[in-house]
There are 2 protein chains.
Amino acid sequence: MNVVNLKRKRFLEVSLKLIHEKGFKGTTMRDIATQLNCDVANVYNYVDSKQALLEEKLFEISGAFHESINNILISSYSPVDKLKAIVSFHIQLTSRRPFEVALLVNEWRNLKEPILSKFLEEKGGYEDKVRSIIKEGINSGVLRDMDLEIATFAMLSSIRWLHDKYTDPAKTVNPIELEKQISDFILEGIRA
Amino acid sequence: MNVVNLKRKRFLEVSLKLIHEKGFKGTTMRDIATQLNCDVANVYNYVDSKQALLEEKLFEISGAFHESINNILISSYSPVDKLKAIVSFHIQLTSRRPFEVALLVNEWRNLKEPILSKFLEEKGGYEDKVRSIIKEGINSGVLRDMDLEIATFAMLSSIRWLHDKYTDPAKTVNPIELEKQISDFILEGIRA
DNA sequence: GTCTATAATTCGATAGAC
DNA sequence: GTCTATCGAATTATAGAC
């Protein structure tokens, strides 16, 4: 990797960390420049605009989630194993790219039309895919006959906040152990 | 209620709805004025500053959560019934004041020091109380012997996003049914 | 790539007349 | 309470010299 890309990589790291701390609107190009020890104008060497930065990183990490769930959907896994696999790659992506996942969860509201609509459509599509797996499980009897909508909602909520465990170095958890604990929570609950 | 308070009530409704849609930083005093069909200057009849609005509503709804969980803590309920009661009042507060709950979940990052630290301390205290109930349940054997930290985290995640179901009129769910579904999810999971 | 300087806009908040 | 007018500060982004 050449010097230019190393500098851009550092720019992205600093930007994502600042956005996580102060929010997208609360992070100024000056904040980023200060962290990079350079002037505001230099930031535009790495990105066309603040909005372009948001769109680039957000759809990049979003694409990684979609790619993973698509591979699971076309697999021959059982519904339960599909759900386990979803938990697994959520934790993997989140542990490896916590600040990008945090961006995806926290900052999509800052997208502007028509890109916002495009994102919401993709987001809905992702939820539809999870719903279809749970529906399959309920229909075949391996999952309880609970409200499909709430089951999907609860399942996704249980894994949507994992980035909190990885954006803070003090909280870091072993991904393998976390995967087992979260899968057990979703499948078996907490009652003994 | 006199005319002044009716107008302030409408101001608060409009403000909270706009903040939910566009975020705190993304909502301008001019946006609020436009929705109220008045000028920017009039907005300051109802609140001293934008920051004061955030602090007032955020600590108000936060206080409601703390009051509820404190009542549960000192009750003679079993650990499982305490957790059920937590789910219950989360859903009640969320269904009755969805935009205030959304503010609490989404916008606390916009608080400024030293108030931010005060909030984070209270937030940590709330999580500690939930953790203590789960610990009691694990120790007495009524809950599975899972990682205490992850159990607390997963439990809270499962109820933290309920406001999504009530800020959108199209999604509204029967609170009583939702309460049973969420409690079952947390206690028993989704496996048949 | 880096800097200085600045354009163009937007925002929170206030003053003061009615 | 409502309005007009405006201040002062902050922000994104660009122009142009080095």
Side-chain angles (χ1 to χ4, degrees), chain A residues 1-58 103 106-116, chain B residues 1-58 103 106-116:
Chain A
M1 193 181 285
N2 58 34
V3 176
V4 174
N5 284 340
L6 270 177
K7 286 206 170 188
R8 176 165 158 87
K9 193 184 168 194
R10 167 128 175 82
F11 155 74
L12 290 173
E13 281 176 5
V14 162
S15 299
L16 288 172
K17 198 161 185 174
L18 276 174
I19 290 173
H20 177 253
E21 289 166 8
K22 311 174 64 170
F24 177 72
K25 282 240 164 62
T27 302
T28 71
M29 296 304 242
R30 278 171 181 76
D31 290 334
I32 297 171
T34 301
Q35 283 284 315
L36 291 173
N37 263 317
C38 69
D39 197 85
V40 197
N42 293 68
V43 174
Y44 292 89
N45 292 332
Y46 308 117
V47 75
D48 286 341
S49 71
K50 199 181 162 187
Q51 207 67 25
L53 168 65
L54 175 68
E55 293 167 10
E56 174 190 332
K57 298 308 289 180
L58 199 127
L103 185 83
N106 294 326
E107 308 295 347
W108 58 265
R109 275 168 215 267
N110 295 301
L111 293 170
K112 292 178 183 173
E113 295 293 1
I115 301 208
L116 174 60
Chain B
M1 193 181 288
N2 58 32
V3 175
V4 174
N5 284 341
L6 270 177
K7 286 206 169 188
R8 176 166 158 88
K9 193 183 168 195
R10 165 128 176 83
F11 155 75
L12 291 173
E13 281 175 4
V14 162
S15 300
L16 289 173
K17 198 161 186 174
L18 276 174
I19 291 172
H20 176 254
E21 289 167 7
K22 309 173 65 169
F24 177 72
K25 282 236 163 66
T27 302
T28 70
M29 297 304 243
R30 282 168 177 80
D31 290 335
I32 297 171
T34 301
Q35 282 283 314
L36 291 172
N37 262 319
C38 70
D39 197 87
V40 197
N42 294 71
V43 173
Y44 292 89
N45 292 332
Y46 308 117
V47 76
D48 286 340
S49 71
K50 199 181 161 187
Q51 208 66 25
L53 168 66
L54 176 66
E55 293 167 9
E56 174 191 331
K57 298 309 288 181
L58 201 129
L103 185 83
N106 295 325
E107 308 295 346
W108 58 265
R109 276 168 214 268
N110 295 300
L111 292 170
K112 293 177 183 174
E113 294 294 359
I115 302 211
L116 175 60

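A, B, ... follow the sequence lines: proteins, then strands. Residue 1 opens every chain.
- Although no hydrogens or angles enter the test, the distance criterion places a donor-acceptor pair under 3.5 Å between the side chain of Lys50(B) and the main chain of Phe24(B).
- Residues from residues 21-31 of chain B that place a heavy atom under 4.0 Å from any atom of DNA chain C, listed by number: Thr27(B), Thr28(B), Met29(B), Arg30(B).
- Side-chain contact, Asp31(B) with Thr34(B): no donor N or O sits under 3.5 Å from an acceptor N or O.
- We find that OH of Tyr46(A) is positioned 17 Å from P of dT14(D), with the value rounded to whole Å.
- Of all nucleotides listed (dA13(D), dC3(D), dC3(C)), dC3(C) comes nearest to the side chain of Ala41(A).
- Using a 4.0 Å cut-off, no side-chain N or O of Asn45(B) falls inside it from OP1 or OP2 of dG1(D).
- Counting only distance, with no hydrogens or angles, the side chain of Arg8(B) and the backbone of Tyr46(B) share a donor-acceptor pair below 3.5 Å.
- Taking atom CG of residue Asn5(B) and atom C1' of nucleotide dG1(D), one finds them 14 Å apart after rounding to whole Å.
- Formation of a donor-acceptor pair under 3.5 Å by the Arg109(B) side chain with backbone atoms of His20(A) is found in this model.
- dT2(C) atom C1' lies 13 Å from atom CG of Asn37(A), rounded to whole Å.
- Rounded to an integer number of Å, the gap from CG of Asp39(A) to C1' of dG16(D) is 14 Å.
- Protein atom NZ of Lys50(B) is 4 Å distant from nucleotide atom P of dG12(C), rounded to whole Å.
- Atom-to-atom distance recorded for Ile19(B):CD1 and Lys57(B):NZ is 10.5 Å, nearest 0.5 angstrom.
- In this model, the phosphate group of dT2(C) is approached by a side-chain N or O of Asn42(A) to a distance below 4.0 Å at OP1 or OP2.
- Considering CG of Leu36(B) and CG of Asn42(B), their distance stands at 9.0 Å, rounded to 0.5 Å.
- In this structure, Tyr44(B) does not reach the dC11(C) phosphate: none of its side-chain N or O atoms is under 4.0 Å from OP1 or OP2.
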